[in-house]
Protein chains: 2
Amino acid sequence: MASVRRELQTERGTLEEIERAIMQISWLAQRQFMQLLDDERFRLTLPQFYTLIHLQHVGEECKMSDLADATHQSAASLTGVVDRLVEKQLIERSRHKHDRRQVMVCITARGIALISEIRHARREQMQMALGQLSEDEVDTFQLILDQVLAGMQRVTEYGENRRLA
Amino acid sequence: MASVRRELQTERGTLEEIERAIMQISWLAQRQFMQLLDDERFRLTLPQFYTLIHLQHVGEECKMSDLADATHQSAASLTGVVDRLVEKQLIERSRHKHDRRQVMVCITARGIALISEIRHARREQMQMALGQLSEDEVDTFQLILDQVLAGMQRVTEYGENRRLA
DNA sequence: TGATATACTCAATACTGTTGAATATCTACA
DNA sequence: TGTAGATATTCAACAGTATTGAGTATATCA
């Protein structure tokens, strides 16, 4: 941590370059993925996809509020997203057995199948994007990405804590 | 390129991990940045910001259709985005001198100042996200990111070419 | 001059995001 | 037991953005 701080003070270029690159990649990645998801086979939006994939990842039924936290959406907008996924029969809504205030959501077999199709379609794009990297670079990249992801999750938590204060 | 293809066939885990990490980082980065831009000081949306920052980057007036291409938005939605930026006096619209069909857009001093403020606010988040990386890792990360960005831009171009065919 | 191409905007519709209010249900305490 | 307060979710109203296709203005070329 200290090393980056120091570098930031003395030579601010690299960090700004990375910031710029991450922003551009994020924007581009979302745009490209949005277009892929708009294909007639899928007809999903980004929030719908990220909601669906989280449900597939946890593998069991999930509380609305937990789902909202995990996908970084407000409970209010998640309601609409879930409405549309239920309509497409990709997920199912139910009530918690004991606490009937809680709405539980679960991915269907159809939802799992769709995600698998999307991942397959996505692979072609990823191969092209990462095609110029050597094997070593791919490995290094993965390690660094994991750390960046962890760092970004810290930012989110910090922001939430600060909001409470 | 060949090396990644080969690895994909033999051991598909790494590439999928990277795919997952890039998707998560993109989603998270956009969400976090969205919240930052929603601050009362800025009140911008993501499309508005990326449009503004492209205008600042080119530094001179820019045709609507070029701006749409560069920011990966349709001409139709860009019209609305530009409307709102003009309303906030962050950019200005004018007509091309010779070809009066073309609408030219240019960032104002106020727009430049706002971007500078946003960058400054963003820096805190980035420091926290990248804080765990060593200096070497930061340098390596930057080099790899540039290649990934180039790769992703190839994907976009490929997609556009294929759409024409 | 008239036909066609180009550049952009507009209109209708769908989805997502925000806020704050409304509803239902649970919990705890007198 | 009954009721106040906490919790979980939805709803309603509104703004922004994406998509499509139609409409308008201007330019170009025969």
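Below, chains carry the letters A, B, ... as their sequence lines are ordered, and counting in each starts from 1.
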Close side-chain approach of B/Glu19 and A/Arg122, heavy atoms under 4.5 Å
yes
Report the distance from atom CZ of B/Arg31 to atom C1' of C/dT18, rounded to the nearest whole Å.
12 Å
Could you tell me whether A/Glu61 and A/Lys97 make a salt bridge, using a distance below 4.0 angstrom between a side-chain N and a carboxylate O?
yes
Side chain to side chain donor-acceptor pair (under 3.5 Å) partners for B/Ser65, two or more places apart
none
Protein-nucleotide distance (B/Arg84, atom CZ; D/dA18, atom P), rounded to Å
9 Å
Rounded to whole Å, CG of B/Asp39 lies from P of C/dT18 at a distance of 14 Å
Any side-chain donor-acceptor pair under 3.5 Å between B/Gln73 and B/Thr51?
yes
Between D/dA15 (P) and B/Glu87 (CD): distance, integer Å
11 Å
Can you list every salt bridge (charged side-chain N to carboxylate O under 4.0 Å, His left out) pair that touches residues 73-85 of chain B, not counting sequence neighbours?
B/Asp83-B/Arg93
Under 3.5 Å: donor-acceptor pair, side chain of A/Trp27, backbone of B/Gln30
no
Rounded to 10 degrees, the angle between the two terminal axes of the helix from C/dT1-D/dA30 to C/dA30-D/dT1, each from five pairs:
10°
Whole angstroms only, please: what is the NE2-P distance between A/His72 and C/dT18?
13 Å
Side-chain N,O (A/Gln73) to OP1/OP2 (C/dT16) below 4.0 Å:
no
Please state whether the phosphate of C/dG17, meaning OP1 or OP2, lies under 4.0 angstrom from any side-chain nitrogen or oxygen of A/Ser77.
yes
Could you pull out all residues at least two apart from B/Gln147 that satisfy side chain to side chain donor-acceptor pair (under 3.5 Å)?
A/Glu137
Counting only side-chain N and O atoms of A/Ser74, is one of them less than 4.0 Å from OP1 or OP2 of C/dT18?
yes
Generate the contact string for nucleotides 4-10 of chain C. Rules: B means base contact, S means sugar-phosphate contact only, - means no protein heavy atom under 4.0 Å.
--BSSSB
How close or far is atom C1' of C/dC15 from atom OH of A/Tyr50, stated in whole angstroms?
17 Å
Return whichever of A/Arg100 or A/Gly80 has its heavy-atom-nearest nucleotide of DNA chain C closer to the 5' end.
A/Gly80
From CD of A/Gln48 across to P of C/dA14 the rounded distance in Å is 14 Å
According to salt bridge (Lys or Arg N to Asp or Glu O under 4.0 Å), who are the partners of A/Arg43, at least two apart in sequence or on a separate chain?
A/Asp38
In terms of side-chain geometry, is the basic nitrogen of A/Arg119 or B/Glu16 positioned less than 4.0 Å from the acidic oxygen of its partner?
no
Whole Å only: how far is the CE atom of B/Met34 from the P atom of D/dA15?
18 Å
With a non-hydrogen cut-off below 4.0 angstrom, is A/His96 in contact with a base, only sugar-phosphate, or nothing?
nothing
Using a heavy-atom cut-off of 4.0 Å across all strands, would you classify A/Arg43 as base, sugar-phosphate, or nothing?
nothing
